[in-house]
Amino acid sequence: MQTNFTPAQLADPHIAESEAILRKCVHCGFCTATCPTYVTLGNELDSPRGRIYLIKDMLENGRPADAEIVTHIDRCLSCLACVTTCPSGVDYMHLIDHARIHIEETYKRPLMNRLTRSVLAAVLPYPGRFRLALNLARLGQPFKGLMRRIPALNPFVAMLDLAPRSIPAPSPFAKPGRHQPQAERRGRVAILTGCAQLVLDPAINEATIRLLARLGVEVVVPGGEVCCGSLVHHMGREEQALASARANIDVWMREIEAGGLDAIIITASGCGTTIKDYGHMLRLDPAYADKAARISALAKDITEYLAALDLPSHMPRGITVAYHSACSMQHGQRITLAPKLLLKAAGFTVRDPAEGHLCCGSAGTYNIMQPEISGELRARKVRNIEATKADIIATGNIGCITQIATGTDMPILHTVELLDWAYGGDMPVKLRRLKVAAS
């Protein structure tokens, strides 16, 4: 793609990076075939190629974002299926990140939209506030019908629809501390405590810590961790995202200096994609650039780490699993085989749903901010999963778990919960009523 940025514009390293990304695009359109919003809406401007044109026009002319650009950029899920598909290596992820920052800096959103985004940024990354909000959601349930009549309140209706009926008690595994290996020592890792997952499903990290300890890995739960920054990063609130990244880097660097770390284990693939990008996000910060790159290199999805431990094979349990590959796992981190191979080695029969490359519609806060498109994507995903006739669903991201669970009665668990069970742990609570699990 030909560009016409001025030398003065290219002096800005962010503009220079975006210009280099834009120039790689050859207009081939391969991305349109795998873009969930283009497949759903059929609008060229809701495809990666269309958004690239809009971003180029906005940045090249140095003008503020307008309502049309914001509409189509906001509809992007950042699923990154286009990055996997693109034959030219267009770095769409960092281009859309830059566009969102530019929008945040130059566009004044409607009042209710600003309010909704501010509420999400002020609540979701903070476990205490999020737990309180979920408890308060019960009070709002009787008013959903009335709220549905007011379009501006649709995001709040979506929040109520997604809110679980019950909230797990706080987990003792989330407290800072060290979990000693129960077998011959094989390594030492830190685990990301997380924010939303910590409240919605603490059993995921509990299973991870138990499994790693049994396998001989010391697990450190560091004190002082905060949200990875992903949620606000995708809203264009870059300073808030970078502040979270710096805080976590400081925490993990202390652990590295205290006793060394073989890896930083992440059990939410959305967080993993962002943490693996800390090196890029902080590349211009002289105080953090090197440390951020080191942390990104240590970040590992739990299945990525387990695959390197060479686990023994296991007797089959006679359970069929539909594996849903989260977008942040398959497109963001390019981890595609490890989760399925681990499940197969643990004795599960694994089935791949059709259209596995398409997003389920969760995408951080997307299912709140774009509930209609998200709902269509969820229904399509659930149809494909249920068509496998599997007994249960496994995935590696809390957002996908929450999203898909609202559309099906099939039990859905994190991959590591099944692996913990297969290698000596207790049966997951979600499976105790499943007849095949008890057989």
Side-chain angles (χ1 to χ4, degrees), residues 1-4 17-61 63 65-104 107 233-236 270 273 325-332 334 353-381 383-384 399-400 403:
M1 177 179 289
Q2 184 177 355
T3 59
N4 293 290
E17 180 189 41
S18 291
E19 193 258 0
I21 295 170
L22 289 167
R23 290 182 69 86
K24 280 194 171 184
C25 180
V26 297
H27 322 278
C28 67
F30 283 10
C31 58
T32 60
T34 58
C35 174
T37 48
Y38 181 76
V39 169
T40 302
L41 302 174
N43 185 339
E44 172 71 15
L45 294 180
D46 288 313
S47 73
R49 182 173 60 182
R51 293 187 181 104
I52 285 172
Y53 280 117
L54 291 174
I55 295 169
K56 175 182 180 293
D57 178 65
M58 177 176 66
L59 296 181
E60 203 170 56
N61 291 294
R63 62 183 179 83
D66 58 32
E68 181 185 37
I69 289 173
V70 172
T71 295
H72 297 295
I73 297 299
D74 281 356
R75 286 178 183 167
C76 176
L77 294 121
S78 280
C79 69
L80 306 181
C82 56
V83 176
T84 298
T85 308
C86 180
S88 302
V90 175
D91 184 3
Y92 180 82
M93 180 175 83
H94 292 127
L95 182 65
I96 197 78
D97 286 346
H98 184 191
R100 287 182 170 132
I101 295 168
H102 185 81
I103 288 170
E104 188 69 12
Y107 181 73
H233 177 59
H234 292 305
M235 290 184 184
T273 300
S325 186
C327 296
S328 46
M329 185 81 82
Q330 62 172 313
H331 304 306
R334 302 297 177 96
E355 298 183 323
H357 62 282
L358 286 181
C359 184
C360 69
S362 172
T365 60
Y366 192 92
N367 51 4
I368 295 172
M369 298 305 300
Q370 302 283 341
E372 292 183 2
I373 301 173
S374 173
E376 290 187 44
L377 291 172
R378 177 184 57 207
R380 186 169 184 156
K381 179 64 65 177
R383 284 197 300 271
N384 285 324
C400 301
Q403 171 82 344

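Keep in mind it's a predicted model, so treat the numbers as computed, not measured. Side chains are part of it too, since the values below use all heavy atoms of this structure and drop only hydrogens, waters and symmetry mates.
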* To do: Would you please say whether a donor-acceptor pair under 3.5 Å links the side chains of Glu60 and Thr3?
  => no
* What closest approach, in Å, do Leu45 and Glu68 show between heavy atoms, and which atom pair accounts for it? -> CD1-OE2, 3.6 Å
* With distance as the sole criterion, is a donor-acceptor pair present between the side chains of Thr34 and His357 under 3.5 Å? -> no
* Asked: Could you state the interatomic distance from CD1 (Ile96) to CD1 (Ile55), rounded to the nearest 0.5 Å?
  -> 4.0 Å
* Asked: Roughly how far, to the nearest 0.5 Å, is the CG atom of Asn4 from the CG atom of Leu22?
  -> 11.5 Å
* Could you pull out all residues at least two apart from Arg23 that satisfy salt bridge (charged side-chain N to carboxylate O under 4.0 Å, His left out)? => Glu19
* Where do Thr32 and Tyr38 come nearest, in terms of heavy atoms and distance? -> O-CD2, 3.2 Å
* Give a yes or no on whether the backbone of Asn384 and the side-chain of Glu355 come within a donor-acceptor separation of less than 3.5 Å. => no
* Asked: Side-chain contact, heavy-atom cut-off 4.5 Å: Tyr53 with Met1?
  -> yes
* Decide side chain to side chain donor-acceptor pair (under 3.5 Å) for Thr84 and Gln330; before the verdict, give the C-alpha distance in whole Å, the side-chain angles of both, and the deciding distance to 0.1 Å. => CA-CA 9 Å; Thr84 298; Gln330 62 172 313; over 6 Å; no
* **Closest non-hydrogen atom pair, Ile103 against Ala65** => CG1-CB, 3.7 Å
* Asked: Under 6.0 Å from the CD atom of Glu372, do we count more than 12 heavy atoms belonging to anything else shown?
  -> no
* To do: State, to 0.1 Å, how close Cys360 and Gln403 come at their nearest heavy-atom pair, and which atoms those are.
  => O-NE2, 3.1 Å
* Give, for atom OH of Tyr92 and atom SG of Cys79, the distance between the pair rounded to the nearest 0.5 Å. => 8.5 Å
* Sub-3.5 Å donor-acceptor pair from the side chain of Ser374 to the main-chain atoms of Gln370, do we have one? -> no
* Are any of the side-chain heavy atoms of Arg63 and Asp57 separated by less than 4.5 Å? -> yes
* Structure fact -> Heavy-atom nearest pair, Met93 first then Thr273, reads SD-CG2, 4.3 Å
* To do: Write down the atom of Ile69, the atom of Asp66, and the distance for their closest heavy-atom approach.
  => N-OD1, 2.9 Å
* **Under 3.5 Å side-chain donor-acceptor pair for Thr40 and Arg75** => no
* **Leu77 vs Leu377 side-chain heavy atoms within contact, under 4.5 Å** => yes
* Structure fact -> When rounded to the nearest 0.5 Å, the distance separating CE of Met369 from NE2 of His234 is 15.0 Å
* Asked: Pick one: which of Cys35, Ser328, Cys327, Ser78 meets side chain to side chain contact (heavy atoms under 4.5 Å, CB included) with Cys359?
  -> Cys327
* Could you check if a side-chain atom of Ile52 sits within less than 4.5 angstrom of a side-chain atom of Arg49, using non-hydrogen atoms only? => no
* Before giving the answer on side chain to side chain contact (heavy atoms under 4.5 Å, CB included), spell out for His94 and Asp97 the whole-Å C-alpha distance, their side-chain angles and the decisive distance to 0.1 Å. => CA-CA 5 Å; His94 292 127; Asp97 286 346; 3.9 Å; yes
* **4.5 Å side-chain heavy-atom contact, His98 and Ile21** => no
* **Heavy-atom side-chain proximity of His72 to Leu41 below 4.5 angstrom** => no
* Separation of Tyr107 OH from Ile73 CD1 (nearest 0.5 Å) -> 12.5 Å
* Structure fact -> CG (Asp74) and CZ (Arg100) are apart, to the nearest 0.5 Å, by 7.5 Å
* To do: Output yes when a side-chain donor or acceptor of Ser47 lies under 3.5 Å from a complementary backbone atom of Gly50, and no otherwise.
  => yes
